[in-house]
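Some notes on the structure that comes next.
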Number of protein chains: 2
Amino acid sequence: MTISEIARLANVSIGTVDRVLHKRGRVAPDTIKKVMTIVDDYGYQPNTFARNLKLNKEYRIGVLLPLLHSEYGYWNLIYDGILKAAKELSPLAVSISVAEFDRSNPDSLLENGDKLMQEEPDAILMAPVLPDASRAFLAKHPQLDYAFIDSPLPDMNPVSSVVQDPFRGGYMAARMMHLLSPQEGTYLIIQTHKTAFNSHERARGFKSYFTGRPGYKRLELEMQTTNGGEIFIEQACREHADIRGIFVVNDAVHRVATFVSLLGRKSQTILIGYDLIDQNRKAMLEGKVDCLISQRPNFQGYTAVYQLYRKEMLGQTPEKTICVPIDIVLPENLTDEESFSTLPNTYT
Amino acid sequence: MTISEIARLANVSIGTVDRVLHKRGRVAPDTIKKVMTIVDDYGYQPNTFARNLKLNKEYRIGVLLPLLHSEYGYWNLIYDGILKAAKELSPLAVSISVAEFDRSNPDSLLENGDKLMQEEPDAILMAPVLPDASRAFLAKHPQLDYAFIDSPLPDMNPVSSVVQDPFRGGYMAARMMHLLSPQEGTYLIIQTHKTAFNSHERARGFKSYFTGRPGYKRLELEMQTTNGGEIFIEQACREHADIRGIFVVNDAVHRVATFVSLLGRKSQTILIGYDLIDQNRKAMLEGKVDCLISQRPNFQGYTAVYQLYRKEMLGQTPEKTICVPIDIVLPENLTDEESFSTLPNTYT
DNA sequence: TAATAATGCGTTATCGAACCCCATATATTA
DNA sequence: TAATATATGGGGTTCGATAACGCATTATTA
C-alpha cells in the first residue's frame with residue numbers, strides 16, 4: 001500500500017492523501033473519511049525508506065551520563081553499548097552527542113545538559129541518578145522524547161526505561177552469599193552512594209533475605225571515594241571476628257576485595273559485588289571476588305538507543321519498561337568478554 | 001557524500017560514477033581512478049534509504065528449525081526471538097519464511113529445506129542439529145548466506161554463529177549442583193539426544209567438574225521421548241540410595257522433576273536443567289526444579305536475524321561468533337518474563 | 001457589488017541511488 | 001574517404017513520501 005495507491009482508490013490526488021495523513025487541513029470532511037477508510041482497511045504504513053530519504057534528516061540522540069572516566073567503570077560499559085548501537089545505526093542516519101556530569105553536583109547535570117541541548121538532539125538518553133536535577137532538566141524541554149537507563153524516575157513518561165530491579169538484585173546477592181558461605185555470622189554491606197536509589201534498594205534487598213534468620217547479622221558501612229574507607233573495613237574486621245562475607249552494592253567491589261586480600265582475610269570472607277568491569281573480572285580470576293551480579297550495562301545502553309530509534313524512525317511503540325534480568329556471575333561462567341564481542345573460537 | 005557530489009568533484013556525470021561504483025564497465029581507466037580516489041578519500045557510503053527505496057526489494061530470511069510444537073519448548077523460545085526481530089524489521093523490508101523438520105529424520109531436513117527454498121529466501125537461519133543433513137542442504141545452495149544458532153557447524157563459513165559453550169554450561173551446572181547439594185554422593189545425568197553435540201558436551205562438562213573429587217559419582221542415563229524414561233529413574237533411585245542430584249542436559253527437566261516429586265524424593269534431590277520454557281518456570285516456582293541454565297534462546301534467534309539483516313541491508317560485517325553467556329537461574333532471579341517476550345504493540 | 005479571504009484539490013520538485021537509453025567521440029574496416 | 005563499430009559519458013526516469021505551490025471555487029467583508 002502506497003500513497004499513490006490510496007489516492008487512486010479514493011479518486012483523489014496524492015497531495016490530498018498526504019494532507020489527510022498529516023492532518024494539514026484543507027481537505028473536505030467527506031474526502032478525509034473516504035481516505036481514512038482506505039488507509040485503515042488496507043493498514044497503510046508509510047515506506048520507511050521513502051520517508052527518511054525525503055526528510056533527509058539526522059536523528060540525534062543526546063546522551064547524558066555520569067563522568068565516564070571516573071573510577072566507576074560501570075558507566076563506561078553502558079557507554080560501550082550506546083556506542084555499539086550508534087555505530088550499527090549510523091547508516092540509518094542515527095547519531096549521538098554525549099555529555100557527562102558530576103553526580104556529586106546536581107548543578108553540573110543542568111549545566112552539561114544545557115551544553116548538550118546546543119547540539120539540538122531529537123531525544124535524550126540519560127541515567128537519572130540525580131532525580132531532582134534530572135526532572136528539572138527534562139522540564140526545561142517538555143517536547144523532547146527521552147529514555148532512562150540504570151534506574152527509573154517515577155511519575156515521568158519516558159519512551160522507555162531499561163532498568164534492573166535493585167531490591168531483587170540485592171536479595172539475589174544475599175542468596176548467593178548464603179550459598180557460598182552458609183555458616184552463621186556477620187555480613188558487611190558496603191555502599192558508596194548511600195542516597196542513590198539503586199544502592200539503597202540493593203542493600204535493602206540483601207538485608208531482607210536474612211530477615212527471619214537470626215543467626216545472620218548485617219553490618220552497614222559507607223565508604224566514600226575520597227576517604228580511606230579501608231580503615232573502616234579493617235576496623236570492622238577487628239571488631240567482628242565472625243564476618244563471613246562482604247557485599248558491595250556497586251562496581252567498587254574490586255577495591256574492597258584487594259584490601260581484604262591484603263589483610264589476609266580472603267579465605268574466610270566471601271566477596272560479592274556488582275558488574276563486570278575489567279577490575280572486577282580480574283579480581284574474580286584472581287580469586288579475590290567470589291560472585292558478581294551483572295545488570296548488563298552494555299545491553300542497557302544498547303537497547304535504550306534502539307528503543308529511541310524505533311520510536312522515532314520506525315514509528316514503533318517500545319516497551320515502557322524493559323527489566324534486565326539479574327545475572328549471576330561466578331568464576332565458572334565468567335567469560336572473557338560480554339556477549340557484545342566475539343569470543344575465542346572454541347569450536348573447531 | 002552523495003553520488004552527485006562525487007560526480008561534481010570528479011567532473012563527470014552521476015551515471016559515470018554509478019558505473020564505476022558498480023563496476024559495470026564502459027568507463028575510461030583514468031576516470032575510474034579519479035572517481036575511486038574521491039570515493040576513498042571521502043569514505044563514500046551509499047545512502048541506505050535511497051538505495052533500498054530504489055531497489056524496492058524484500059529481504060527474506062528462511063528459517064529452518066526442528067519441530068516447534070514438539071515437547072521441546074526451547075525451539076519455540078528461539079522462534080519467539082526470531083519473530084520479534086522480524087516484526088521490528090518489517091518496516092525495513094525484512095520478512096521471514098519458516099520451515100520445520102523432524103530432528104530424528106535427516107531426510108526431513110532436506111525435504112523441508114527444499115520447500116523453504118521455493119520461497120526464494122535471500123538468506124538462511126538454521127539450527128544445525130543434524131550436521132550432515134545441514135551440510136548437504138547448504139551445499140545445494142552455495143551462493144546463499146546463512147547463520148547458525150543453537151550450535152556451530154565446523155568448517156563452514158556462516159555470516160554468524162550465535163551459540164553457547166555447552167561444555168562450560170555443563171561445568172557450570174555441576175558447580176551449582178555442588179553448591180546446592182554439597183554432600184558427597186551420586187549425581188544422575190539424563191540425556192535425550194545423546195548424539196547431539198550440545199547434549200554430549202554438557203554431560204562432559206558436568207562430569208569434568210567432578211573429576212578429581214572421588215567422593216562424587218556420576219551415573220548417566222538416556223531417556224527417549226517415546227519410552228517411559230521414568231522407569232529408569234525410579235530404578236536408579238532404588239539402586240542408588242545416595243543420589244543427591246539430577247542434571248538434565250536440556251529443557252525436559254520439568255518432566256523429570258515432576259516424576260521425582262511424585263516419587264517423594266524431591267527433598268533429598270537437587271534438580272538442574274536447561275532453559276526457561278514455561279513448564280520449567282512453573283516447576284521452579286513449585287520448588288520442583290532448583291536451578292536452570294539458560295542459553296538465552298530468544299536472544300539467539302533475535303540476534304541471528306539482526307546479523308543477517310545487517311550484513312545484507314546495511315553492508316555491515318557481523319561478528320563471526322557470538323557467544324551467549326551462561327545464565328544461572330535460581331528461584332530468586334526467576335522473572336515473570338524474559339526481556340524479549342514483550343513486543344511493541346503497534347505492529348499489525 | 002467588488003475586493004479579499006478561505007477552502008478544496010491537483011501538480012510538481014525533491015531526496016539519492018540505480019539503471020537504461022542515447023548522443024557523441026574515437027577507432028576500425030571496407 | 002565513407003561507413004560502421006565501439007568506447008565513453010550525459011541525461012532522464014523511477015522508487016514513495018513530503019510539502020510547497022498554484023489554480024479554481026466558494027464564503028466573507030467593506
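Chain A is the first sequence line, chain B the second, and so forth, proteins listed ahead of strands; every chain is numbered from 1. Every heavy atom of this structure was used, including side-chain atoms; hydrogens, water molecules and symmetry mates were not. If you're wondering where the values come from, they're calculated on a predicted model, not measured in any experiment.
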Could you list all N or O pairs between the protein and nucleotides 24-28 of chain C that sit under 3.5 Å apart?
none

Can A:Met313 and A:Arg51 be said to form a side chain to side chain contact (heavy atoms under 4.5 Å, CB included), step by step? CA-CA 9 Å; A:Met313 305 282 279; A:Arg51 183 185 161 78; over 6 Å; no
Under 4.0 Å between a side-chain N or O of B:Thr2 and OP1 or OP2 of C:dG16? no
List for me each residue that meets side-chain hydrogen bond (donor to acceptor under 3.5 Å, both in side chains) alongside B:Lys57, sequence neighbours excluded, and say none if there are none. B:Asp122
Positions of residues 27-42 of chain B (non-hydrogen atom under 4.0 Å from DNA chain D), listed by number: B:Val27, B:Ala28, B:Thr31
Would you say C:dG16 has OP1 or OP2 under 4.0 Å from some side-chain N or O of A:Asn56? yes
At what distance, to the nearest 0.5 angstrom, does CD of B:Gln164 lie from CD of B:Gln300? 7.0 Å
For A:Tyr306 and A:Glu88, does a side-chain donor sit closer than 3.5 Å to a side-chain acceptor? yes
I'd like to know if B:Lys140 and B:Asp114 make a salt bridge, using a cut-off of under 4.0 Å between side-chain N and carboxylate O. yes
B:Lys311 meets the salt bridge (Lys or Arg N to Asp or Glu O under 4.0 Å) criterion, sequence neighbours left out, with B:Asp145
In short, the helix from C:dT1-D:dA30 to C:dA30-D:dT1 is bent end to end, axes from five pairs each side, to 10°, by 60°
Spacing of A:Met117 atom CE and A:Asn112 atom CG [to the nearest 0.5 Å]: 13.5 Å
Closest heavy-atom contact between A:Pro152 and A:Val163? N-CG1, 3.6 Å
Atom NZ of residue position B:Lys33 - does it have more than 12 heavy atoms of other residues, nucleotides or ligands inside 6.0 Å? no
Within the supplied structure, the quantity of interest is the number of heavy atoms (other residues, nucleotides, ligands) at a distance under 6.0 Å from A:Lys87 NZ; does it exceed 12? no
With sequence neighbours excluded, what pairs up with B:Thr16 under the side-chain hydrogen bond (donor to acceptor under 3.5 Å, both in side chains) test? B:Ser13
What N/O pairs connect the protein and nucleotides 18-23 of chain C at under 3.5 Å? Give each pair on its own line.
unit_1: C:dA18; atom_1: OP1; unit_2: B:Arg51; atom_2: NH1; d: 2.3
unit_1: C:dA18; atom_1: OP2; unit_2: B:His22; atom_2: NE2; d: 3.2
unit_1: C:dC22; atom_1: N4; unit_2: B:Arg26; atom_2: NH2; d: 3.1

In the 5' to 3' direction, the nucleotides of DNA chain D bounding the stretch that comes under 4.0 Å of a heavy atom in chain B are D:dT8 to D:dG16
Not counting sequence neighbours, list each pair that qualifies as a ring pair (Phe, Tyr, Trp, His ring centres under 6.0 Å) and has a residue in residues 130-149 of chain B. B:Phe137-B:His141, B:Tyr146-B:Phe148
Can you list the residues that meet the salt bridge (Lys or Arg N to Asp or Glu O under 4.0 Å) rule with A:Arg24, with sequence neighbours excluded? A:Asp18
Residues forming a salt bridge (Lys or Arg N to Asp or Glu O under 4.0 Å) with A:Lys54, sequence neighbours excluded: none
Could you walk me through whether A:Thr2 and A:Glu5 pass the side chain to side chain contact (heavy atoms under 4.5 Å, CB included) check? CA-CA 5 Å; A:Thr2 69; A:Glu5 281 181 80; 3.6 Å; yes
Under a plain distance cut-off of 3.5 Å, with no hydrogens placed, do A:Tyr59 and A:Asn52 share a side-chain donor-acceptor pair? no
Proximity to DNA chain C (any heavy atom under 4.0 Å), residues of residues 311-318 of chain B only: none
Point-to-point distance, once rounded to the nearest 0.5 Å, from CD1 of A:Ile38 to CE of A:Met1: 8.0 Å
Whole angstrom value for the distance that separates P of C:dG16 from NZ of A:Lys57: 15 Å
What distance do B:Arg19 atom CZ and B:Thr31 atom OG1 have between them, rounded to the nearest 0.5 Å? 10.0 Å
